[in-house]
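Order of the sequence lines sets the chain letters (A, B, ...), proteins ahead of strands, with each chain counted from 1. For clarity, every value in this text was computed on a predicted model and none was experimentally measured.
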Amino acid sequence: MSGLNEDEIRTLAKSVNLDIKNSDITDVAHSLNAMLEAIAQINPEGINSVEPLPIILNKRD
Amino acid sequence: MSSNELIYMSAAELADKIKEKQISPVEVIRAYLDRIAVVDDKVNAFITVMADEALDAARQSEADVIAGSIKGPLHGVPVGVKDQIYTNGTRTSSASKIREDFVPDFDATVVKGLKRSGAIILGKLNMTEFAMGDPITSAFGVTRNPWDLTRNPGTSSTGSGAATASFMCATSLGEDTGGSVRGPAANCGLVGIRPSWGRVSRYGVDGASWSLDTIGPISRTVEDCALTLGAIAGFDENDHYTKDLPVPDYRSALTGDVKGIRVGLVKEFLDPKVMGVTDAVRQGVLDAVEILEGLGAKVEEISIPLAPIAGVASRIISAVERSSLHPEWLRENLEDFHHNTRVAFTTGELIPSQVYYKAQKIRTLVRKQALDALDKYDVLAMPGASEPATVMNLEPGIKSKEAAIQALTEASYRGFFSLVSGPALSVGCGFTKIGDTRLPLGIQIAGKPFDESTVMNVAFAYQQNTSWHLERPPL
């Protein structure tokens, strides 16, 4: 998986009204692409049918 | 009694001697303040030392003792508090320039709990900025490991670990999202417990990740951990996710009897090919469980296949949740972050929602495997990290994507039980020698949700039959 390049990351950031400093972009790319690549490789049995952990509300709620 | 005798006592011993009028809270606080004056230049564990407030509280504490009124089990005991936990009238900075002038006008629920138990707040402890990343991110300087000042004291409750290990407080509070209590406990040769999520209120704490954050004690002994946890645990109207369950008398539950206790040794974390565990850590854990077996515990190896991926899920969840807490900071205070923290916050903002959702689904699967294991075993045991404290990297930045992926894998050691939401504790299990330096090792013991008593009793039994916790760093 090649990951997002710096231009793509800047565009993504623009979508949430965020500017990325020039001095940060390389490290943001490393960090973000690491997470995207790592989770893309995780597909345990049952992942498509399980629901996320529910919020367990206090009985008052 | 000399200052050294006082600072080397456990919190439990101090509380007993104060109650019996053998020592005064005032002399205890003075001894600790003297210790801080001598040692903290080297370690940098404190952001704010509350000398005047602590002495005032100690005088009142002394007057209470003379009047025969003991507030609680920690009466007169000096406690350090991680600087993301609110203290009324005292700066609470989260180790960031952004919060350097923030003074809360109320105490966190856990601070109220400490005060109700009679504890004296000695000061606010250093940490990594917003409980993320490495010691270099703190706006108040790097905190150092008392066992080797070039090494990492464990993150993110760096000051809680370093201050407790170097006898600058009797016990302390940290905050654990993905291991931030257990890490400093392991690196500094201490005991730290991440309680079950919902056991301790998060109200009045600058949050890191709402669904993973817990506040927990870091202490020199399991008994002190039990006392401190007892002071802060319980339902809180201000934190809707705290459980309305009675708080056991954790100290009384420390019988040291582990006959028949079933211990599941998580084999994935002991396999160098799977998780990269070093020989020293692996042997330390194996030696520790052998001691438990000698005390009558039944130890068996168990496989939890999804445990090694827990770090990826926990880091993604915490990255998103953390950056969502104060999005305005990343837009209005960009220059006030440390580079590494700013990168981490930015990353959290950019993680796609489907990725966060997948991470939460992985969490459900990991949790199920752990809870299924805990149906068969009373506790699970594993290392808390692949290696002992490392030499600190004092340069900002991330070397490469591959280095970042490696960090996600390493995060599984502690992220695993963060995802489970049950209690997990680190207790010192020996030392390893690297060059001329002796470095602590830790074993992690984890249990069923809200069964802190069993987890701490197993650790207590181990600690009572070893003497690692009596060793002192060369300061």
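Comparing B:R315, B:R363, B:R342, B:Q360 by heavy-atom pairs within less than 4.5 Å of chain A, the highest count is held by B:R342. Among B:L408, B:N340, B:V355, the residue with the largest count of heavy-atom pairs under 4.5 Å with chain A is B:L408. Interface remark: of the candidates B:L350, B:V312, B:L334, B:L350 forms the most heavy-atom pairs closer than 4.5 Å to chain A.
Every residue meeting the side-chain contact (heavy atoms from CB on, under 4.5 Å) condition with B:L371, not counting sequence neighbours, appears here in chain and number order: B:R367, B:L374, B:V420, B:P449. Residues passing the salt bridge (Lys or Arg N to Asp or Glu O under 4.0 Å) test with B:R199: none are found, sequence neighbours excluded. Scanning for side-chain contact (heavy atoms from CB on, under 4.5 Å) contacts around A:P44 gives A:I42, A:I47, B:L306, B:L365, with sequence neighbours left out.
Considering only heavy atoms from C-beta on, B:E335 comes within 4.5 Å of A:K21 through its side chain.
Around CG of A:D19, the count of heavy atoms belonging to other residues, nucleotides or ligands within 6.0 Å does not exceed 12. The environment of A:E45 atom CD is sparse: at most 12 non-hydrogen atoms of other residues, nucleotides or ligands sit within 6.0 angstrom.
Minimum interatomic distance between A:V50 and B:K361 (heavy atoms only, all atoms of both residues): O-CD, 3.1 Å. A:S31 and B:V343 get closest at one heavy-atom pair: CB-CG1, 4.4 Å. Nearest heavy-atom pair, B:K358 versus A:N43, reported as atom, atom and distance to 0.1 Å: NZ-OD1, 3.1 Å. Closest non-hydrogen pair, A:M35 versus B:A319, comes out as CE-CB, 4.1 Å.
With A:D27 contributing its side chain and B:I398 its backbone, the two residues share a donor-acceptor pair below 3.5 Å.
Heavy atoms closer than 4.5 Å to chain A are found nowhere in B:A313, neither backbone nor side chain. In this structure, the portion of B:K399 lying under 4.5 Å from any heavy atom of chain A is its backbone and not its side chain. Proximity to chain A (any heavy atom under 4.5 Å) is restricted, for B:P352, to the side chain, taken from C-beta onward. Neither the backbone nor the side chain of A:Q41 comes within contact range of chain B; no heavy atoms are under 4.5 Å apart.
If you take NE2 on B:H339 and CG on A:D24, they are separated by 5.5 Å, rounding to the nearest 0.5 Å. Between B:K401 atom NZ and A:T26 atom OG1 the span is 14.0 Å, to the nearest 0.5 Å.
Applying a 4.5 Å heavy-atom cutoff, the residues of residues 8-15 of chain A that approach chain B are A:I9, A:L12, A:A13.
The only option from A:L32, A:V28, A:V16 that meets the side chain to side chain contact (heavy atoms under 4.5 Å, CB included) definition with B:E349 turns out to be A:V16.
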